[in-house]
Amino acid sequence: SSGINAEYGYYTNNLRQLVMTASVEESEEVPRKRLKFRCYKPHDEHLQGKQLAQVEATSIDNTVTDILKQASSQSADIDLNTLAPRKANWDLKRDVEKKLAKLERRTKRAMAEMIREKLRSERDIMAGAATGQDTGDDSD
């Protein structure tokens with residue numbers, strides 16, 4: 001506890017010196033900042049005169065009622081569907097939608113190519129069978 005008292009004395013002396021030098025420097029033409037104790041209550045009698053008066057909180061009842069009146073008049077204009085909460089994954093769906101559209105186009109293109117290849121192979125089989133029958137008839 002003696003260490004705390006020593007620190008308190010050190011800080012009190014430093015504050016006292018600051019106040020004294022501030023009052024000496026006030027006589028100079030260069031304006032200096034003054035000490036203002038808003039939340040701190042100094043223990044030194046010399047510094048207690050520098051403490052600012054407590055400020056009372058202003059009543060905000062009128063301001064709040066005005067804001068509530070404005071909000072109630074605007075609430076009639078709001079659609080209830082827009083107030084419904086969004087699903088938890090709405091942002092994921094939004095971000096993935098572009099990628100899914102691109103993937104859908106590629107899937108359709110790949111399926112069309114597979115159908116074309118199947119039709120080509122069937123056509124080649126039919127053409128081969130038709131030419132095979134003609135050559136088979138001629139050889140008999």
Side-chain angles (χ1 to χ4, degrees):
S1 75
S2 64
I4 294 173
N5 288 336
E7 285 183 30
Y8 172 73
Y10 171 76
Y11 289 119
T12 305
N13 288 336
N14 282 344
L15 282 174
R16 192 175 291 134
Q17 287 176 355
L18 282 173
V19 171
M20 287 180 185
T21 56
S23 62
V24 170
E25 292 173 354
E26 286 176 2
S27 62
E28 297 176 6
E29 292 183 21
V30 178
R32 299 288 179 160
K33 291 186 179 182
R34 294 182 183 197
L35 290 177
K36 296 178 185 177
F37 298 111
R38 288 191 175 100
C39 299
Y40 174 72
K41 182 177 180 183
H43 296 284
D44 189 9
E45 294 84 22
H46 181 69
L47 296 176
Q48 285 182 355
K50 303 288 183 180
Q51 183 178 4
L52 297 177
Q54 291 289 332
V55 178
E56 293 293 325
T58 58
S59 176
I60 59 168
D61 292 337
N62 295 334
T63 307
V64 170
T65 54
D66 291 341
I67 292 172
L68 288 175
K69 286 178 185 177
Q70 289 176 355
S72 66
S73 66
Q74 291 176 355
S75 66
D77 300 338
I78 296 175
D79 185 22
L80 293 178
N81 294 331
T82 59
L83 293 178
R86 294 183 177 180
K87 292 184 180 178
N89 61 352
W90 70 270
D91 58 336
L92 296 174
K93 287 183 180 179
R94 180 198 61 206
D95 294 340
V96 173
E97 191 173 301
K98 294 176 186 176
K99 294 177 183 178
L100 284 177
K102 190 176 188 180
L103 184 62
E104 184 69 27
R105 286 192 304 264
R106 288 182 180 178
T107 303
K108 286 181 180 180
R109 190 177 307 138
M111 289 175 65
E113 184 63 32
M114 289 172 58
I115 292 171
R116 283 188 203 113
E117 286 179 17
K118 186 175 181 180
L119 289 175
R120 278 188 210 130
S121 65
E122 288 178 1
R123 192 176 338 136
D124 291 344
I125 291 172
M126 295 298 273
T131 56
Q133 289 177 355
D134 289 341
T135 56
D137 291 338
D138 290 337
S139 62
D140 282 339

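Note: hydrogens, waters and symmetry copies are ignored here, and every other heavy atom, side chains too, is used.
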Within-4.5 Å side-chain heavy-atom neighbours: Arg123 and Met126: no

ILVMFWY cluster, Leu68 and Ile60 together (side-chain gap under 4.5 Å): yes

Stepwise side chain to side chain contact (heavy atoms under 4.5 Å, CB included) check, Glu122 with Ile125: CA-CA 5 Å; Glu122 288 178 1; Ile125 291 172; 5.6 Å; no

Counterpart residues, side-chain hydrogen bond (donor to acceptor under 3.5 Å, both in side chains), relative to Glu97 (two or more places apart): none

Close side-chain approach of Glu117 to Arg120, heavy-atom, < 4.5 Å: yes

CA sep, side-chain torsions, deciding dist, call: Lys102, Arg106, side chain to side chain contact (heavy atoms under 4.5 Å, CB included): CA-CA 6 Å; Lys102 190 176 188 180; Arg106 288 182 180 178; 3.6 Å; yes

